[in-house]
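Everything below concerns the one structure shown next.
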Amino acid sequence: MVVINRENLPEALEPKHVQAILGIGRSQTYELFNKPPFHVIKIGRIYKVSKVTFFKWLDGEEQGD
């Protein structure tokens, strides 16, 4: 099992980061990013999600609008 230190991650996570954190495959990761339960931005072909937003979702915390 790989241990990922949240503090060492960039402020804007890419799909590869989310994939490693959740331990899921590439296609599952892009399915998640195409219908995200958290705020995602797309810059060209690159998806990004705020580290704070992602971990709030992962930890089950409420997200303010």
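Bear in mind the structure is a predicted one, so any value in this text is a computation, not a measurement.
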Please report the shortest heavy-atom distance between [X] and [Y], naming the atom on each side.
| X | Y | answer |
| --- | --- | --- |
| Phe33 | Glu14 | CZ-C, 4.4 Å |
| Leu32 | Pro37 | CD1-CD, 3.6 Å |
| His17 | Pro10 | CE1-CG, 3.6 Å |

Do the side chain of Asp59 and the main chain of Glu61 share a donor and acceptor less than 3.5 angstrom apart? no
For the [atom1] atom of [X] and the [atom2] atom of [Y], what is their distance to the nearest 0.5 Å?
| X | Y | atom1 | atom2 | value |
| --- | --- | --- | --- | --- |
| Arg6 | Ile21 | CZ | CD1 | 8.0 Å |
| Gln19 | Tyr30 | CD | OH | 8.0 Å |
| Phe55 | Leu9 | CZ | CG | 5.5 Å |
| Ile43 | Arg45 | CD1 | CZ | 14.0 Å |
| Leu58 | Lys51 | CG | NZ | 13.5 Å |

Does Ile41 belong to the same Ile/Leu/Val/Met/Phe/Trp/Tyr cluster as Phe54, with side-chain heavy atoms less than 4.5 Å apart forming each link? no
ILVMFWY cluster, Leu13 and Ile24 together (side-chain gap under 4.5 Å): yes
